[in-house]
Q: 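I have a structure here, written as structure tokens, and I will follow up with some questions on it.
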Amino acid sequence: MQQTSPASLFSLDGKSALVVGATGALGSAAARALAAAGANITLTGSNSETLSALAQEIQSYGVEVSYFVGRPENEEAVTRMLEHATQKHPLDILVCASGTAVVKPIAQMSPEEFDRVMDANVKQSWLVSREASKVMTEQGRGGKIILVSSVRAQFATAAGTSAYGTSKAAVNMLTRSLAVELGPHNICVNAIAPTVFRSALTSWLFEPEAADKRADVLSRIPLGRLGEPEDFNGIFMFLASAASNLVTGEVINIDGGFSCN
């Protein structure tokens with residue numbers, strides 16, 4: 001019996017991935033990591049210039065790259081997104097890194113703001129997972145779906161995350177529900193739950209004037225630092241590859257030990 005090299009378990013040669021929300025810090029990190037492992041990539045996002053620049057960058061890995069301008073805001077948009085992603089290749093991997101946050105005390109948050117967070121983080125994750133799972137099931141070759149949660153789904157805060165934390169808790173249950181439902185089709189569904197990491201939304205926390213707030217956050221993180229987008233490369237490669245073929249329904253904390261403290 002031929003044995004498989006452990007290192008080859010992380011190879012994505014011959015696989016194809018759709019990265020939704022590729023213009024964000026997490027989505028772009030996922031795209032780079034999966035391309036470096038050999039996957040062909042379809043990028044989606046709302047900024048065509050950013051998508052074009054990222055596509056040119058990751059073509060240097062020798063993989064095929066295309067991009068689709070748009071967000072998974074409704075069924076029609078998601079259908080067109082998946083049609084674009086499967087024009088040349090089957091769909092093996094979905095990374096849904098699209099989302100938003102509104103952080104306000106509940107007394108100051110409008111119903112419209114709450115709905116916007118729930119729509120972007122929950123409904124859109126559900127819509128794109130639904131369409132991707134249809135494609136993967138019809139292909140009959142299994143697949144990997146990776147959603148993005150947050151440690152704020154598990155730990156409450158007085159900072160005003162009643163919408164954001166609630167939406168990410170829903171993503172956790174969506175992950176587990178889809179893992180059970182899609183397991184018979186050999187589709188693994190997992191989520192990552194980051195702590196605070198550097199992005200357009202959190203860049204202020206890394207500035208000198210935010211030292212006190214940053215120190216408060218760091219006091220809960222045993223490793224003593226905030227996250228960088230590159231910290232997620234390994235987990236994306238693991239969850240997208242054969243290395244995680246028996247892992248499904250998991251929400252994996254990438255948080256420097258925050259959830260232990």
Side-chain angles (χ1 to χ4, degrees), residues 4-72 78 80-99 125 128-129 131-132 135-136 139 141-148 186-192 194 197-200 227-245 247 252 254:
T4 301
S5 164
S8 70
L9 291 173
F10 294 89
S11 171
L12 296 176
D13 289 345
K15 301 292 186 180
S16 295
L18 169 62
V19 180
V20 179
T23 55
L26 269 184
S28 59
R32 292 183 182 97
L34 301 188
N40 299 310
I41 307 290
T42 298
L43 309 168
T44 79
S46 56
N47 189 311
S48 60
E49 291 184 4
T50 303
L51 287 174
S52 177
L54 180 60
Q56 291 181 32
E57 176 190 339
I58 64 178
Q59 280 176 338
S60 64
Y61 291 108
V63 299
E64 293 186 39
V65 185
S66 67
Y67 63 87
F68 176 91
V69 181
R71 295 172 61 89
V78 172
R80 289 189 286 109
M81 188 180 292
L82 268 293
E83 287 174 349
H84 177 92
T86 55
Q87 281 180 336
K88 295 183 179 180
H89 304 282
L91 179 65
D92 301 297
I93 303 154
L94 166 68
V95 177
C96 187
S98 179
S125 295
V128 75
S129 295
E131 198 65 25
V135 172
M136 291 175 178
Q139 291 173 168
R141 50 190 275 156
K144 306 279 190 169
I145 295 176
I146 305 169
L147 304 179
V148 175
N186 196 31
I187 299 171
C188 297
V189 186
N190 294 287
I192 65 169
F197 64 94
R198 191 187 301 269
S199 71
E228 298 288 346
E230 295 76 17
D231 288 317
F232 302 92
N233 289 345
I235 193 65
F236 281 125
M237 293 172 70
F238 171 68
L239 291 177
S241 69
S244 61
N245 277 353
V247 179
I252 301 176
I254 314 297

Q: Suppose the criterion is salt bridge (Lys or Arg N to Asp or Glu O under 4.0 Å): which pairs have a residue in residues 46-60, not counting sequence neighbours?
A: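 Non-adjacent pairs meeting salt bridge (Lys or Arg N to Asp or Glu O under 4.0 Å): R32-E57.
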Q: If I compare all heavy atoms of I187 with all of M136, which pair ends up nearest, and what's the gap?
A: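 Closest pair (atom of I187, atom of M136, distance): CD1-CB, 3.6 Å.
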Q: About how many Å separate NE2 of H89 and CD of E64, when rounded to the nearest 0.5 Å?
A: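 One finds 3.5 Å between CD of E64 and NE2 of H89.
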Q: For a quick test of reading the model, state the closest non-hydrogen atom pair linking M81 to V20 and the distance between them.
A: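 Residues M81 and V20, closest heavy atoms: SD-CG2, 3.9 Å.
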Q: So, using side-chain contact (heavy atoms from CB on, under 4.5 Å) as the criterion, who are the partners of A85 when residues are at least two apart?
A: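 A85: side-chain contact (heavy atoms from CB on, under 4.5 Å) contacts with L18, T42.
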Q: Roughly how far, to the nearest 0.5 Å, is CD of Q59 from CG of L54?
A: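 Those atoms lie 10.0 Å apart.
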Q: Is L94 close to S129 at the side-chain level, that is, under 4.5 Å between some pair of heavy atoms?
A: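 Contact flag for S129/L94 side chains = yes.
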Q: If I compare all heavy atoms of A240 with all of I146, which pair ends up nearest, and what's the gap?
A: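 Heavy atoms of A240 and I146 come nearest at N-CD1, 3.9 Å.
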Q: Can you list everything that forms a side-chain hydrogen bond (donor to acceptor under 3.5 Å, both in side chains) with S199? Sequence neighbours excluded, please.
A: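 Testing S199 for side-chain hydrogen bond (donor to acceptor under 3.5 Å, both in side chains), a comparison that skips the adjacent residues, returns T202.
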Q: For the pair L43 and I58, evaluate side chain to side chain contact (heavy atoms under 4.5 Å, CB included) and give the outcome as yes or no after the intermediate values.
A: CA-CA 11 Å; L43 309 168; I58 64 178; 4.2 Å; yes
Q: Under the side-chain contact (heavy atoms from CB on, under 4.5 Å) rule, collect the residues that match up with A242, sequence neighbours excluded.
A: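 Testing A242 for side-chain contact (heavy atoms from CB on, under 4.5 Å), a comparison that skips the adjacent residues, returns L9, N245.
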Q: Quick one: closest heavy-atom pair of Y61 and A35, and the distance?
A: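 Distance-wise, the nearest heavy atoms are CB-O, 3.6 Å.
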Q: Holding to side-chain hydrogen bond (donor to acceptor under 3.5 Å, both in side chains), I want the full list of residues that pass it with R198, two or more places apart in sequence or in another chain.
A: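 Counting only residues at least two positions away or on another chain, R198 forms a side-chain hydrogen bond (donor to acceptor under 3.5 Å, both in side chains) with E228.
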Q: Checking S11 now: which residues fulfil side-chain contact (heavy atoms from CB on, under 4.5 Å) with it, not counting sequence neighbours?
A: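 With neighbours one apart ignored, the set is D13.
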Q: With sequence neighbours excluded, tell me which residues meet side-chain contact (heavy atoms from CB on, under 4.5 Å) with F10.
A: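 F10 satisfies side-chain contact (heavy atoms from CB on, under 4.5 Å) with F238, S241, A243 once adjacent residues are dropped.
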Q: Mind running side chain to side chain contact (heavy atoms under 4.5 Å, CB included) on V69 and Y67 for me, showing each step along the way?
A: CA-CA 7 Å; V69 181; Y67 63 87; 4.1 Å; yes
Q: Take L51 and T23, measure what side chain to side chain contact (heavy atoms under 4.5 Å, CB included) needs, and give me the verdict at the end.
A: CA-CA 6 Å; L51 287 174; T23 55; 3.6 Å; yes
Q: Which heavy atom of V148 sits nearest a heavy atom of A97, and at what distance?
A: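 Minimum heavy-atom separation between V148 and A97: CG2-CA, 3.8 Å.
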Q: Sequence neighbours excluded, which residues qualify as side-chain hydrogen bond (donor to acceptor under 3.5 Å, both in side chains) partners of N40?
A: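 With sequence neighbours excluded, N40 shows a side-chain hydrogen bond (donor to acceptor under 3.5 Å, both in side chains) to no residue whatsoever.
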Q: Please determine which of L239, I41, L34, V19 meets the side chain to side chain contact (heavy atoms under 4.5 Å, CB included) test together with I93.
A: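 It is L34, the one option of L239, I41, L34, V19 that forms the side chain to side chain contact (heavy atoms under 4.5 Å, CB included) with I93.
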Q: Can you give me the closest heavy-atom contact between A29 and P229, atom names plus distance?
A: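 In this case the closest contact between A29 and P229 is CB-O, 3.6 Å.
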Q: Using ring pair (Phe, Tyr, Trp, His ring centres under 6.0 Å) as the criterion, list what pairs up with F68, not counting sequence neighbours.
A: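 If we apply the ring pair (Phe, Tyr, Trp, His ring centres under 6.0 Å) test to F68, skipping adjacent residues, the hits are H84.
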Q: Who pairs with D231 by side-chain hydrogen bond (donor to acceptor under 3.5 Å, both in side chains), at least two apart in sequence or on another chain?
A: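 For D231, the residues satisfying side-chain hydrogen bond (donor to acceptor under 3.5 Å, both in side chains) (neighbours in sequence not counted) are R225.
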Q: For the CD atom of E83 and the CD atom of E131, what is their distance to the nearest 0.5 Å?
A: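 Separation between the atoms: 8.0 Å.
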